[in-house]
Amino acid sequence: MSEIAQAAFVVPAPEVVSLPVAGRATRFPVRRIYCVGRNYLAHIREMKEAEDERDPPFFFQKPRDSIVPDGATVPYPADTTDFQYEIELVAAIGKGGVNLSVAEARDHIFGYAVGIDLTRRDRQRDCRDKRLPWEAGKAFDLSAPCGEVHPASVIGHPDRGAITLAVNGTLTQKGDLGEMIWNVPEIVANLSRSYRLEPGDLIMTGTPAGVGPVEPGDVIVGQIEGVGALTLTIAEAGA
């Protein structure tokens with residue numbers, strides 16, 4: 001590359017991705033998005049994915065610019081014919097740490113939000129069958145809708161309560177946070193053994209049974225008791 005071409009080539013700074021914080025003018029800047037696989041027994045059974053239903057939690061990531069705000073329209077993604085939803089409680093980390101105990105983990109959580117893990121299920125199955133990482137099925141553009149963050153200082157640390165999702169007004173997912181195999185402090189502690197957690201990290205904590213496909217024109221509403229709601233509309237591909 002010539003010196004002139006090199007001088008003209010400027011890499012722009014990445015855009016700051018953030019979420020609104022309920023009741024505050026400040027926002028929550030997002031650093032990383034971690035996701036927990038297989039954390040509700042009924043979902044494990046419906047997906048037929050695990051022999052040991054108390055396997056240690058495992059994690060994958062989504063890019064932070066895959067965040068989608070409440071009320072957004074999400075186009076049907078490329079490279080799939082089986083686009084599915086998974087309602088999840090999201091824990092927002094407010095204090096960094098590594099090798100945390102379960103007792104310490106709760107104090108590192110700033111707040112909670114409603115999230116939906118959008119999934120290209122056919123691509124995820126392809127990866128699973130070939131023993132490949134799940135990125136093709138999980139870590140694509142606009143795959144991490146998330147609502148506003150509710151500070152734990154206001155709502156506490158929810159460990160019970162209904163978690164539901166409806167498509168076009170029909171209830172499809174219904175569970176309770178108390179049905180998690182690994183609760184949120186256990187998840188945070190386990191994750192901190194592999195990664196240094198930092199302020200701005202989000203952890204999506206798994207989904208109950210009832211996942212399924214959506215099509216353009218569908219309206220999705222996810223709700224978690226004591227936390228809030230999240231609404232999306234699915235548009236045509238490329239919209």
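Remember, it's a predicted structure, so these values are computed and weren't measured experimentally. Along the sequence shown, residues are numbered consecutively beginning with 1.
- Looking at Leu197 and Leu191, their side chains come closer than 4.5 Å, going by heavy atoms from C-beta outward.
- Inter-residue side-chain proximity for Thr119 and Lys138 is flagged as met; some heavy-atom pair is nearer than 4.5 Å.
- Under the ring pair (Phe, Tyr, Trp, His ring centres under 6.0 Å) criterion, Tyr34 pairs with Tyr195, sequence neighbours left out.
- The other members of the hydrophobic cluster of Val17, by chain and number, are Leu19, Val21, Phe28, Val30, Ile33, Ile67, Val90, Phe110, Val149, Leu202, Met204 (side-chain heavy atoms under 4.5 Å, ILVMFWY only).
- Val114 and Val221 fall into different hydrophobic clusters, where Ile, Leu, Val, Met, Phe, Trp and Tyr are joined by side-chain heavy atoms under 4.5 Å apart, directly or via other members.
- In this structure, the side chains of Pro208 and Ile163 come closer than 4.5 Å at one or more pairs of heavy atoms.
- Between Tyr76 and Phe83, the ring-plane angle classifies as perpendicular under the 30° and 60° cut-offs.
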Test log, rule side-chain contact (heavy atoms from CB on, under 4.5 Å), inputs Asp176 and Tyr40 | CA-CA 9 Å; Asp176 192 282; Tyr40 284 79; over 6 Å; no
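- Here the side chains of Asp82 and Arg125 are in contact, with some heavy-atom distance below 4.5 Å.
- In this structure, the side chains of Thr231 and Ile220 stay at 4.5 Å or more apart for every pair of heavy atoms.
- Put simply, the side chain of Ile224 does not reach to within 4.5 Å of the side chain of Pro158, judged on heavy atoms.
- How far OG1 of Thr172 is from CG of Leu165: 4.5 Å, rounded to the nearest 0.5 Å.
- Residues Arg27 and Ser18 bring a donor and an acceptor atom of their side chains to less than 3.5 Å of each other.
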Residues Val184, Asp159; criterion side-chain contact (heavy atoms from CB on, under 4.5 Å); working and verdict | CA-CA 8 Å; Val184 177; Asp159 57 7; over 6 Å; no
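- By the salt bridge (charged side-chain N to carboxylate O under 4.0 Å, His left out) test, Asp141 pairs with no residue at all, sequence neighbours left out.
- Residues Val227 and Leu89 meet the side-chain proximity criterion, which asks for heavy atoms closer than 4.5 Å.
- Here the shortest heavy-atom pairing between Leu230 and Gly147 reads CD1-N, 3.8 Å.
- A distance of 7.5 Å separates OG1 in Thr80 from CZ in Phe140, rounded to the nearest 0.5 Å.
- Taking hydrophobic clusters as Ile, Leu, Val, Met, Phe, Trp and Tyr residues chained together by side-chain heavy-atom distances below 4.5 Å, Ile234 does not share a cluster with Leu171.
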Under 3.5 Å, which donor-acceptor pairs link side chains of residues 210-217 to any protein atom two or more places apart or in another chain?
none

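- Rounding to the nearest 0.5 Å gives a distance of 4.0 Å between CG of Asp117 and NZ of Lys62.
- Shortest non-hydrogen contact noted between Thr73 and Ala235 is CG2-CB, 3.4 Å.
- Considering every non-hydrogen atom in both Pro199 and Gly94, the closest pair reads CG-O, 3.7 Å.
- With sequence neighbours excluded, the residues forming a side-chain contact (heavy atoms from CB on, under 4.5 Å) with Pro69 are Ala72, listed by chain and number.
- The backbone N or O of Lys95 lies less than 3.5 Å from a partner atom in the side chain of His108, making a donor-acceptor pair.
- Under a 3.5 Å cut-off, the side chain of Gln84 and the backbone N or O of Arg121 do not form any donor-acceptor pair.
- Partners of Asp79 under the salt bridge (charged side-chain N to carboxylate O under 4.0 Å, His left out) rule, at least two apart in sequence or in another chain, are Arg123.
- A distance of 11.0 Å separates CZ in Arg120 from CG in Asp126, rounded to the nearest 0.5 Å.
- Under the ring pair (Phe, Tyr, Trp, His ring centres under 6.0 Å) criterion, Tyr85 pairs with no residue at all, not counting sequence neighbours.
- Taking the six-membered ring for Trp, Trp134 and Phe59 have ring centres at least 6.0 Å apart.
- Rounded to the nearest 0.5 Å, atoms NZ (Lys174) and OG1 (Thr164) are 8.5 Å apart.
- No side-chain N or O of Gln124 forms a donor-acceptor pair with one of Asp122 less than 3.5 Å apart.
- Scanning for side-chain contact (heavy atoms from CB on, under 4.5 Å) contacts around Asn168 gives Asp218, Val219, with sequence neighbours left out.
- You'll find the side chain of Thr205 reaches within 4.5 Å of the side chain of Met180, heavy atoms only.
- The two atoms that bring Glu236 and Pro75 nearest to each other are O-CB, 3.5 Å, heavy atoms only.
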Kindly indicate, with the supporting measurements, whether the criterion side-chain contact (heavy atoms from CB on, under 4.5 Å) is fulfilled by Glu148 and Asp70.
-> CA-CA 8 Å; Glu148 63 181 0; Asp70 181 31; over 6 Å; no
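- When the side-chain contact (heavy atoms from CB on, under 4.5 Å) test is applied to Arg196, the partners found at least two apart in sequence or on another chain are Val98, Glu198.
- Annotation: ring pair (Phe, Tyr, Trp, His ring centres under 6.0 Å) contacts involving residues 210-239, sequence neighbours excluded, are absent.
- Minimum heavy-atom separation, Ala189 to Ala105: N-CB, 4.0 Å.
- Looking at Glu225, its side chain never comes within 3.5 Å of a backbone N or O of Gly161 through a donor-acceptor pair.
- Linking Ile, Leu, Val, Met, Phe, Trp and Tyr whenever their side-chain heavy atoms come within less than 4.5 Å puts Ile109 and Val154 in one cluster.
- Contacts classified as ring pair (Phe, Tyr, Trp, His ring centres under 6.0 Å) and involving residues 145-165 (residues at least two apart or in different chains) are given here: Tyr112-His157.
- In this structure, OG1 on Thr207 lies 5.0 Å from CD on Glu86, to the nearest 0.5 angstrom.
- A search for salt bridge (charged side-chain N to carboxylate O under 4.0 Å, His left out) contacts involving Arg31 returns Asp201, not counting sequence neighbours.
- Side-chain contact check for Ser192 and Asn99: no donor-acceptor pair (N or O, by modelled atom type) lies under 3.5 Å.
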